[in-house]
Structures are given as C-alpha cells and as structure tokens.
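Presented below is the structure to which this report refers.
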Amino acid sequence: MNQHIANIALLVDDYDKAIEWFTETLGFSLLEDSDLGRGKRWVRVAPPGRDGTSLLLAKAASPLQDGAIGNQSGGRVFLFLHTDDFQRDHAAFQKRGVKFLEAPREEAYGTVAVFVDLYGNKWDLLQLA
C-alpha cells in the first residue's frame, strides 16, 4: 500500500493576499491556482525542496469557517516547517517580516522557533538534530 497526505486545507480570508504572503514572505512556490467558478479557486502552495504535502489555501465560505481562520488548531502549533538550515531560514524570515513568538531554542530533537503566519496560525520552524 502506498498512501500519503497530499494537501492540508488552510482557511484564508482572501486568496491573493494569502498567495502573496506564502510566496513572498515564506518563499513557497505557487503550484496551482485554478478557477473553479462562483468565486472559488483551487490554490496550492508548498515550500521549496522535496515533493510532498502542499497547503490548499481555502477561502472561508461560512461564518463558522470565518471564525476558524487563524485558529485551526485551537491555539497550539499547527504546522511544522522542516529546514536543512535553521539559521538561514530564520534570518530570511525575520528580514521579510515573519513574526516569531520566541527566540530559537535547542531541543533534543533539533533547533526550533515558533512563528505565526499572516492569520495567526502557529508554526514550528525546525531543523532536526
């Protein structure tokens, strides 16, 4: 059996604003932006490097979804961005205005710092030991 998670839906309030932030601020690639009609789009972004899971930027379509933007995990770290060079990426993200909630720290599993995306979702930037 061969399975993998292809996409993770991330609720956003505006497709273009989200695309701009993920591509220009985090340096992700825009993999797809397809018009599905009636104001709905299929938008996928992913970090550079290995093929793998992408983020599906999903525009909120109900009051319940609007209320979950920026808090899809109830306030805990939601997504984990692994890197092969923590110092490089941490410095680049800071230069481009990414808000880190803490200073980098060394853990048994690697170097990590929590940052937030443009909506307030918490991410770990992580270089494994």
Side-chain angles (χ1 to χ4, degrees):
M1 182 174 288
N2 185 7
Q3 299 176 339
H4 72 279
I5 296 173
N7 302 296
I8 296 174
L10 181 71
L11 289 169
V12 302
D13 65 352
D14 180 87
Y15 290 117
D16 295 322
K17 182 171 78 171
I19 290 169
E20 179 180 353
W21 194 85
F22 280 99
T23 60
E24 294 183 17
T25 304
L26 290 190
F28 283 22
S29 297
L30 177 61
L31 303 177
E32 185 175 359
D33 185 356
S34 301
D35 186 347
L36 301 177
R38 297 182 311 243
K40 190 172 181 179
R41 290 157 58 182
W42 185 261
V43 178
R44 295 185 314 116
V45 296
R50 302 186 317 202
D51 291 334
T53 305
S54 63
L55 288 179
L56 175 67
L57 303 179
K59 187 174 178 185
S62 72
L64 182 62
Q65 291 175 14
D66 284 336
I69 293 173
N71 191 26
Q72 288 188 219
S73 64
R76 80 165 320 279
V77 170
F78 177 47
L79 297 165
F80 299 79
L81 182 60
H82 286 201
T83 178
D84 63 349
D85 188 332
F86 180 90
Q87 297 303 326
R88 174 199 65 213
D89 291 342
H90 184 263
F93 286 3
Q94 284 188 308
K95 185 176 180 181
R96 293 190 297 249
V98 172
K99 180 182 176 187
F100 281 87
L101 300 180
E102 62 184 14
R105 65 184 194 278
E106 297 296 326
E107 299 288 349
Y109 54 84
T111 306
V112 63
V114 176
F115 70 94
V116 292
D117 64 25
L118 76 162
Y119 297 106
N121 294 298
K122 292 179 183 176
W123 294 59
D124 270 358
L125 177 62
L126 174 62
Q127 181 177 0
L128 296 173

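Note that the coordinates shown come from a computational prediction; the quantities given were computed from them, not determined experimentally.
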Which distance, rounded to the nearest 0.5 Å, do you find between the [atom1] of [X] and the [atom2] of [Y]?
X	Y	atom1	atom2	value
Leu128	His82	CG	NE2	4.5 Å
Lys40	Asp35	NZ	CG	11.5 Å
Lys122	Asn71	NZ	CG	9.0 Å
Thr53	Arg44	OG1	CZ	10.5 Å
Asp89	Asp84	CG	CG	7.0 Å
Gln127	His90	CD	NE2	12.5 Å

Below 4.5 Å, heavy atoms only, C-beta onward: do [X] and [Y] meet side chain to side chain?
X	Y	result
Trp21	Leu57	no
Phe93	Thr83	no
Asn7	Trp42	yes
Asp117	Thr25	no
Phe80	Val112	no

Test side-chain contact (heavy atoms from CB on, under 4.5 Å) applied to Phe115 and Leu26, step by step = CA-CA 11 Å; Phe115 70 94; Leu26 290 190; 4.1 Å; yes
Do you reckon [X] sits in the same ILVMFWY cluster as [Y], going by side-chain contacts under 4.5 Å, direct or chained?
X	Y	value
Val98	Val114	no
Leu56	Ile8	no
Val77	Ile5	no
Leu31	Val43	no
Val116	Leu125	no

Taking it one step at a time, do Phe22 and Leu118 satisfy side-chain contact (heavy atoms from CB on, under 4.5 Å)?
-> CA-CA 9 Å; Phe22 280 99; Leu118 76 162; 4.1 Å; yes
Check: residues 11-19 side-chain donor-acceptor pairs under 3.5 Å, at least two apart:
unit_1, atom_1, unit_2, atom_2, d
Asp13, OD1, Lys17, NZ, 3.3
Asp13, OD1, Tyr119, OH, 2.8
Asp13, OD2, Lys17, NZ, 3.0
Asp14, OD2, Asp16, N, 3.2
Asp14, OD2, Lys17, N, 2.7
Tyr15, OH, Arg41, N, 3.0
Tyr15, OH, Arg41, O, 3.4
Asp16, OD1, Arg41, NH1, 3.3
Asp16, OD1, Arg41, NH2, 2.9

Heavy-atom closest pair, residues [X] and [Y]:
X	Y	answer
Asp66	Ala60	OD1-CB, 3.1 Å
Pro104	Ala113	CA-CB, 3.9 Å
Ala129	Ala108	CB-O, 3.8 Å
Gln65	Lys59	OE1-O, 4.1 Å

For Arg38, the salt bridge (charged side-chain N to carboxylate O under 4.0 Å, His left out) test, sequence neighbours excluded, returns none
Other residues, nucleotides, ligands: >12 heavy atoms within 6.0 Å of Leu36 CG | yes
For Phe78, which residues count as a ring pair (Phe, Tyr, Trp, His ring centres under 6.0 Å) partner, sequence neighbours excluded?
->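 By the ring pair (Phe, Tyr, Trp, His ring centres under 6.0 Å) rule, Phe78 matches no residue at all.
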Any donor and acceptor pair, going by atom type alone, linking the side chain of Gln72 with main-chain N or O of Ala9 inside 3.5 Å?
-> yes
So which of Gln87, Glu106, Arg105 actually passes side-chain hydrogen bond (donor to acceptor under 3.5 Å, both in side chains) with Thr111?
->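 It is Glu106; the other options fail the test.
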